[in-house]
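Worksheet for the structure shown next.
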Amino acid sequence: MAATLRIATYNVNGITSRLPHLLRWLEATRPDIVALQELKASDEAFPLEAIQDAGYGALWHGQRAWNGVALLGRGTTPVQSRRGLPGDPADTQSRYLEAAVHGVLVGALYLPNGNPRPGPKFDYKLAWMRRLAAHARGLVGLPHPVALIGDFNVIPEDIDVYDPNAWRRDALIQPEVRAAYAQLLEQGWTDTLRALFEDAPVYTFWDHFRQHAERDRGLRIDHLLLNPVLSAAVEAAGVDQWMRLEEKASDHAPTWVEIAVEHAIP
DNA sequence: ATGTCCCGAGAATCGGGA
């Protein structure tokens, strides 16, 4: 029996503040696999019980006040394959978690913002992108489904921002950042939203300034990169933009892809 | 150049980050 697998990524900007939003969204859209970013909470503060009550198993890598990523599986607990991005043992920031969920190997990531630029934070971002590319190279050609999803903090092209000029000094749009992202895609990853929307704008983030959400002045920085095995089965993709217009919303909206699978998800 | 929201500190606002 044919069925679909829904994979989503959502930067919650604080799991404690956003738990009600997360639970409403899980119930409304019932994704099978979810990557969360910016938990901004220690491991001890992760709201496992509420998430389990919603029908999800969870794996998380928290950090007090900043960063923090998690993977949720509907009706299953993700099986961890990696915690932390390889390539720098001194890196203590919680930004990468990798696990098998519903038959997909999922790398869930929160790529460094990189501002202010220039400076050590921008250097860290570029170094992190090099480490990601080195790791991703070993994943893209695997004979099973692989996804790299999360908040990449990269505006890939001018179509991905409401006004490129307004962001020209920002780390998210710099030529070397865009080049690093393009090189990652060249390994064989498909940028799913861009592939499906073709030359139509689609945004995943709207900052808190000047009513940008209400005016749809956004950026596309949350990405779903699929390896060839997985991208061959894509049926649909989109952004749950209504979530950005909720009271006390995160500045990001959940972004998702639906995959055709042979059998119903248990 | 502007502006807003989250977190932690620690007691009321403020700094850091985005």
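Numbered from 1 within each chain, the chains take letters A, B, ... in sequence-line order.
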Please measure how far the P atom in B:dT2 lies from the corresponding atom in B:dC6, and state the result in whole Å.
23 Å
What heavy-atom pair brings A:Leu111 and A:Trp128 nearest, and what distance separates the two atoms?
CG-CE3, 3.7 Å
Expressed in angstrom and rounded to an integer, what is the separation of A:Gln63 atom CD from B:dG8 atom P?
11 Å
Output yes when at least one side-chain N/O atom of A:Ser17 is less than 4.0 Å from OP1 or OP2 of B:dC7, else no.
yes
Between A:Leu172 and A:Val177, does the side-chain contact (heavy atoms from CB on, under 4.5 Å) criterion hold? Intermediate values first, please.
CA-CA 7 Å; A:Leu172 277 59; A:Val177 168; over 6 Å; no
From CD of A:Glu38 over to C1' of B:dG17, roughly how many Å is that when rounded to an integer?
8 Å
Report the distance from atom CZ of A:Arg217 to atom P of B:dT2, rounded to the nearest whole Å.
18 Å
P atoms of B:dG10 and B:dC5, separation to the nearest Å:
25 Å
Atom-to-atom span, CG of A:Asp207 to P of B:dG3 - whole angstrom
13 Å
Take the protein atom CD1 of A:Ile15 and the nucleotide atom P of B:dC7, then report the distance between them rounded to whole Å.
10 Å
Distance between C1' atoms of B:dC7 and B:dA12 (Å, rounded):
16 Å
Most 5' of A:Tyr110 and A:Arg169 on DNA chain B, judged by nearest nucleotide
A:Arg169
Test item: A:Glu38 and A:Tyr110 side chains (from C-beta on) under 4.5 Å apart, heavy atoms:
yes
When you get a sec, tell me which of B:dT4, B:dG16, B:dC6 is the closest nucleotide to the side chain of A:Trp66?
B:dG16
Roughly, in whole Å, what's the span from CZ in A:Phe205 to P in B:dC5?
13 Å
With a 4.5 Å heavy-atom cut-off, do A:Leu219 and A:Tyr162 have their side chains touching?
yes
CA sep, side-chain torsions, deciding dist, call: A:Tyr181, A:Asp191, side chain to side chain donor-acceptor pair (under 3.5 Å)
CA-CA 10 Å; A:Tyr181 184 78; A:Asp191 180 339; 2.8 Å; yes
When you measure from the side chain of A:Arg64, which nucleotide among B:dT4, B:dA9, B:dC7 comes out closest?
B:dA9
A:Asn13 has an atom CG; how far is it from atom C1' of B:dT4, in whole Å?
11 Å
Report yes if at least one side-chain N or O of A:Arg18 is closer than 4.0 Å to OP1 or OP2 of B:dC6; otherwise report no.
yes
Taking only the C1' atom of each, what is the distance from B:dA18 to B:dG3 in whole angstrom?
13 Å
Presence of A:Lys248 side-chain N/O under 4.0 Å of B:dC5 phosphate oxygens OP1/OP2:
no
If you only use heavy atoms from C-beta on, which nucleotide in B:dG17, B:dC7, B:dC5 is closest to the side chain of A:His208?
B:dC5
Please evaluate the base of B:dT2 for a donor-acceptor partner in the side chain of A:Arg210 within a cut-off of under 3.5 Å?
yes
Whole angstroms only, please: what is the NE2-C1' distance between A:His21 and B:dC6?
13 Å
Select from A:Gln93 and A:Gly14 the residue whose nearest nucleotide in DNA chain B is closer to the 5' end of that strand.
A:Gly14
Between A:His135 and A:Tyr96, is the ring centre distance below 6.0 Å?
yes
